[in-house]
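Structure first, then comments.
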4 protein chains.
Amino acid sequence: MTSRSKVRKPSQERSRVTVEAILEGASQVLRSEGLAACGTTKIAKRAGVSVGTLYQYFPNKESIFEELIDRLLDQRAAARSAVVEATEDTEDLGAAVRSLMDQLLAVHMADPELQHELHKYEATRGFTRLEKYEQQMQGVVAAALEKHAARLRPLNTPLAARVLVHAMTGVVERMSRENPRMLGEPAVRREIAALLAGYVSPTNPVALLDVE
Amino acid sequence: MTSRSKVRKPSQERSRVTVEAILEGASQVLRSEGLAACGTTKIAKRAGVSVGTLYQYFPNKESIFEELIDRLLDQRAAARSAVVEATEDTEDLGAAVRSLMDQLLAVHMADPELQHELHKYEATRGFTRLEKYEQQMQGVVAAALEKHAARLRPLNTPLAARVLVHAMTGVVERMSRENPRMLGEPAVRREIAALLAGYVSPTNPVALLDVE
Amino acid sequence: MTSRSKVRKPSQERSRVTVEAILEGASQVLRSEGLAACGTTKIAKRAGVSVGTLYQYFPNKESIFEELIDRLLDQRAAARSAVVEATEDTEDLGAAVRSLMDQLLAVHMADPELQHELHKYEATRGFTRLEKYEQQMQGVVAAALEKHAARLRPLNTPLAARVLVHAMTGVVERMSRENPRMLGEPAVRREIAALLAGYVSPTNPVALLDVE
Amino acid sequence: MTSRSKVRKPSQERSRVTVEAILEGASQVLRSEGLAACGTTKIAKRAGVSVGTLYQYFPNKESIFEELIDRLLDQRAAARSAVVEATEDTEDLGAAVRSLMDQLLAVHMADPELQHELHKYEATRGFTRLEKYEQQMQGVVAAALEKHAARLRPLNTPLAARVLVHAMTGVVERMSRENPRMLGEPAVRREIAALLAGYVSPTNPVALLDVE
DNA sequence: CATGAATGAGTTTTCATTCAT
DNA sequence: TATGAATGAAAACTCATTCAT
């Protein structure tokens, strides 16, 4: 679970609705006009509140984006947990790979425009948040690799996990950028599976290539 | 070769020197203070010219970054050409993979701070330029895949090329962000090779995983 | 007694308590955070009421400070009355001077931080209220000067009263600003007495200085 | 001489003119509309420049007021120096007193409206600058008291200097507030002289009053 | 009466760009 | 052509005050 502490507490029900309205307003502006054009005035207008109200709940503009990212990361964390569960309960390597892939695809297929704009914001901040998230993801993958080690080629687990997560998210992110619909195609899903599986497979031919 | 049409009169010698000074100034500010703090006045000062002069050679601030990106992409295009050459002359798949990888690593190891800041700028623009570049890269890879098709598993070439390029650049870019030195480690090089080779290898186990 | 007309319905008991709470809240915020940081919301919070309630009893923020000043001036008025009494009943000039001085010192030694912040507020308003107060003080002093005229040097009474009051309050106010504790020192008390007494004394040497 | 370092250096002649225009604009707004209504936009407009220009020369609004105060204090410092000179060269106590008084009166008679508004600003800042200035003034007075000690009543010099400066500035400041013209009247000048002279005179009757 | 969320005019400040010298 | 002072639109943020509940 991520922080969310920056949002003020006016615990009343009305408050929650307003906060939601602001975040939804920001999301809409991000989607329709992009990060660069997403100012506090515009956000407030779309949210149907005044700037003053906006600042009653968020200390500054950035904190709105941060909250949006928090929520995005919460979704991803949930996906991660689903992967962990799916992996823990079975010896089926294929199931693990499918779970990992499917969760990732699902997460990226939801509201891709918004995600792209938030990604731009993250770029601004040096990707600090997303980087941390991906590190946790690496932890999950590393655990899975350890568990199934017997059926995989010999691996430097942390490095392999890093490569896997980076490759997978690299592919998914770029495809989402080019055309989010692609992520729904079975062929794409299959190829990503091939990428992951081929990398860890005992039949991987690196040994034959004289790299180094 | 990329555009560069925005820059006025590269004919006079004095002019060329000034343009270079401005670009170098911008690069320095980007490296030392980051994109967010990189204003025209600061650039001009570091370049040792006045803002007025800066606007004599560049129509606006963005065009400076665009030119810097042009040059970055020129370097990458050169790397791409090197890969094409290396691949065309040989039947050695390993050599092709190594060439691809090495060029990519080399490109990302040069001036990583500057590249990160330019990447932030590109994020702002929706990665239009980088995306176009990666598409060209996909063309090169697709050609190589066609050429060596006989020794690879059956592939949907365009899709496979896309996955390969995205995976590779995804890994390299993220590692460069985490720690650029990583890119110089032989182990990393080997694992990237494994990622690429495993994906296209006829021994890839996707068929066994019942993905769809 | 000063106005206080701005405060609504001091009739109900509950009301009076609330008004007191608000004034006490304001005083606390003034003391601890200063005039600049003393907003209505903060005042209300410290008073344990809502902003709405605050505005039920005070028409605007200024009126709170005005009331606080009213009370300060009431204290000073009381001090003034004490001086008047002390002066009326006796022919002792020394007693009059001592009374004047002691009341003034006592008033300024009480809650100096609050007084300083209220003084800043008064500065904002052009010192209107304090000026009026000092004028009344001048009246008292003028009366005393008339009464004891026989034992003093020849004086333009209103002007002399003005000079006396201005000098005395000028000294006390500044000392309070520099260090309120100073006001408690006997040496200081003695010097202020010397200032006042020397000014009106028949032995005053102005005549010898050829000032005009 | 006071700092003035906050003002940027664009050494050209044009610059100086602009800085002067801004300061004059600020002075005018202060005089005609008061500190409270003196915003950057209004200052710039009166100065005949744009806000941007204003911020080219002053880092923020406060720095404009600070510079105005610097200049005011420079005038006062000059007055102080004149007093020092006048006092050093003579054994005439009357001359010293007259010089002190006259300089003070002259300084306060120049542009009193502006001074009052700057005084309000200083109130905001806790009178830090003015306080420091008055301390220096106390030093000057203390020196004079030491020099003429033989002809004065026994004094605790630092305390006496403090009382004298506080009394004098208190009187002058308040009179300037009530009605600046008063400061020009000979009677007033005479009474201030009486205040100062009576305080230090060997004939001062404090000893007779049983204070303490 | 009490509440506190909502308001929005107003303020300061920035910075890409222009243009007179 | 070079200069750098001037521009001013735009953005973020504040806070006294109101009013629906």
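These numbers come from the heavy atoms of this one structure, side chains and all, not from hydrogens, waters or symmetry mates.
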>> Both Lys61(B) and Thr18(C) contact DNA chain E. Taking the nearest nucleotide for each, which residue is further toward the 5' end?
In response: Thr18(C)

>> If you only use heavy atoms from C-beta on, which nucleotide in dT17(F), dG8(E), dA2(E) is closest to the side chain of Ser50(A)?
In response: dG8(E)

>> Using OP1 and OP2 only, check whether a side-chain N or O of Tyr55(A) sits under 4.0 Å from dT14(F).
In response: no

> For Gly39(C), which contact category applies under a 4.0 Å heavy-atom criterion: base, sugar-phosphate, or nothing?
Replying inline: sugar-phosphate

> Taking atom P of dC15(F) as reference, at what distance in whole Å does atom CD of Glu33(C) sit?
Replying inline: 12 Å

> For the pair made of CD in Gln56(A) and P in dC13(F), what is the distance, rounded to whole Å?
Replying inline: 15 Å

>> Under a 3.5 Å cut-off for both contacts, is dT21(F) paired Watson-Crick or G-U wobble with anything, and if yes, with which nucleotide?
In response: dA2(E)

>> What's the closest nucleotide to the side chain of Val49(A) if the choices are dT7(E), dC13(F), dA5(E)?
In response: dT7(E)

> Rounded to the nearest Å, what distance is computed from the NZ atom of residue Lys42(D) to the P atom of nucleotide dA9(E)?
Replying inline: 17 Å

> Side-chain contact, heavy-atom cut-off 4.5 Å: Leu30(A) with Phe65(A)?
Replying inline: yes

> Rounded to the Å, how far apart are Asn60(A) CG and dA11(F) P?
Replying inline: 17 Å

> Could you state the CZ-P distance from Arg16(A) to dA6(E), rounded to the nearest angstrom?
Replying inline: 13 Å

> In whole Å, what is the span from the CZ atom of Phe58(D) to the P atom of dA6(F)?
Replying inline: 12 Å

> For Leu54(C) and Ile22(C), which heavy atoms make the closest approach, and how far apart are they?
Replying inline: CA-CD1, 3.7 Å

>> Rounded at 0.5 Å granularity, tell me how far CG in Leu72(D) sits from CG in Leu130(D).
In response: 7.5 Å

> Is Tyr57(C) near enough to dA2(E) that one of its side-chain N or O atoms lies under 4.0 angstrom from OP1 or OP2?
Replying inline: yes

> Leu54(D) or Thr53(B): which one's nearest nucleotide on DNA chain F is closer to the 5' end?
Replying inline: Thr53(B)

> Just how far, in rounded Å, is P of dA2(F) from NZ of Lys45(B)?
Replying inline: 19 Å

> Start at the 5' end of DNA chain E and walk down; is the nucleotide closest to Glu62(B) or to Gly52(A) reached first?
Replying inline: Gly52(A)

>> Quick check on dG4(F): is either OP1 or OP2 less than 4.0 Å from any side-chain nitrogen or oxygen of Thr41(B)?
In response: no

> What's the verdict on side-chain hydrogen bond (donor to acceptor under 3.5 Å, both in side chains) for Thr53(C) and Ser50(C), showing C-alpha distance, side-chain angles and the deciding distance?
Replying inline: CA-CA 5 Å; Thr53(C) 298; Ser50(C) 69; 3.2 Å; yes

> Which whole-number value in Å describes the distance from Leu35(A) CG to dA12(F) P?
Replying inline: 11 Å

> If you round to the nearest 0.5 Å, how far is CD of Gln28(A) from CG of Leu23(A)?
Replying inline: 11.5 Å

>> If you only use heavy atoms from C-beta on, which nucleotide in dA12(F), dT17(F), dT17(E) is closest to the side chain of Thr40(A)?
In response: dA12(F)

>> Using heavy-atom distances to pick each residue's nearest nucleotide on DNA chain F, tell me which of Val51(D) and Gly48(B) is more 5'.
In response: Gly48(B)

